[in-house]
Amino acid sequence: MSASFESETTENASIQNDFASIGRNDASIHDKTALIGKLKNDEKAGKLSNKDSIDIEAIIENVDIKQVISSKEVMGILGCQTTKARKILKTMEQQGIIKAITGKGKGKYILSISQEI
């Protein structure tokens, strides 16, 4: 019985070590926080309206860092029509919050995460 207990203890210790080595990576949360901070600064500077700022913040909070964003995703998040979704995407691109990607089709973007933010 003690040999069995000893092997279980060893296994549990190795599992705990594996979890400890993984750690918690909240880089995406910090990147989103930086984007939202930039958004708020642009709003205060008069570059964005309050309504656009609220809509853009909702989009940032509801997409993943590497997720491809198109008007379809924006329409789903905001519950709006295609025209407004495209306007918001254009505004986001002009503000440097998203960047166009190639190879996925026209009108596809990802969040612009960089050291400049």
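Here, residue 1 is the first one in the sequence, and each next residue gets the next number. Values below: all heavy atoms of this structure, side chains included; hydrogens, waters and symmetry mates excluded.
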S.K.: If you take all heavy atoms of Ile110 and Val68, which pair is closest and at what distance?
M.R.: CG2-CA, 4.2 Å
S.K.: Heavy-atom count check: over 12 atoms from other residues, nucleotides or ligands less than 6.0 Å from Lys47 NZ?
M.R.: no
S.K.: Where do Ala85 and Ser71 come nearest, in terms of heavy atoms and distance?
M.R.: CB-O, 3.7 Å
S.K.: Compare every heavy atom of Val63 with every heavy atom of Ile77, then report the nearest pair and how far apart it is.
M.R.: CD1-CG1, 3.8 Å
S.K.: Which heavy atom in Leu89 sits nearest to a heavy atom in Ile98, and how many Å separate them?
M.R.: O-CD1, 3.4 Å
S.K.: Would a distance-only check, ignoring hydrogens and angles, find a side-chain to backbone donor-acceptor pair under 3.5 Å from Lys84 to Val74?
M.R.: no
S.K.: Would Ile54 end up clustered with Ile60 when hydrophobic side chains under 4.5 Å apart are linked, directly or stepwise?
M.R.: no
S.K.: Restricting to non-hydrogen atoms, name the atom on Glu93 and the atom on Ala100 that form the minimum distance, rounded to 0.1 Å.
M.R.: OE2-CB, 3.9 Å
S.K.: Answer with yes or no whether the side chains of Glu73 and Ser70 bring together a donor and an acceptor at under 3.5 Å.
M.R.: yes
S.K.: What distance separates Ile56 CD1 from Glu61 CD, expressed to the nearest 0.5 Å?
M.R.: 12.5 Å
S.K.: Rounded to the nearest 0.5 Å, how far does CG of Asn41 lie from CD of Glu43?
M.R.: 10.0 Å
S.K.: Please enumerate all residues that pass salt bridge (Lys or Arg N to Asp or Glu O under 4.0 Å) together with Lys99, with sequence neighbours excluded.
M.R.: none
S.K.: Could you grab the distance from atom CD1 of Ile97 to atom CD1 of Ile88, nearest 0.5 Å is fine?
M.R.: 10.0 Å
S.K.: Tell me, do Leu111 and Asp31 make a side-chain contact under 4.5 Å, heavy atoms counted?
M.R.: no
S.K.: Side-chain contact, heavy-atom cut-off 4.5 Å: Leu39 with Glu57?
M.R.: yes
S.K.: Rounded at 0.5 Å granularity, tell me how far CG in Leu48 sits from CG in Asp55.
M.R.: 10.5 Å
S.K.: How long is the straight-line distance from OG of Ser112 back to CG of Leu35, given to the nearest 0.5 Å?
M.R.: 7.0 Å
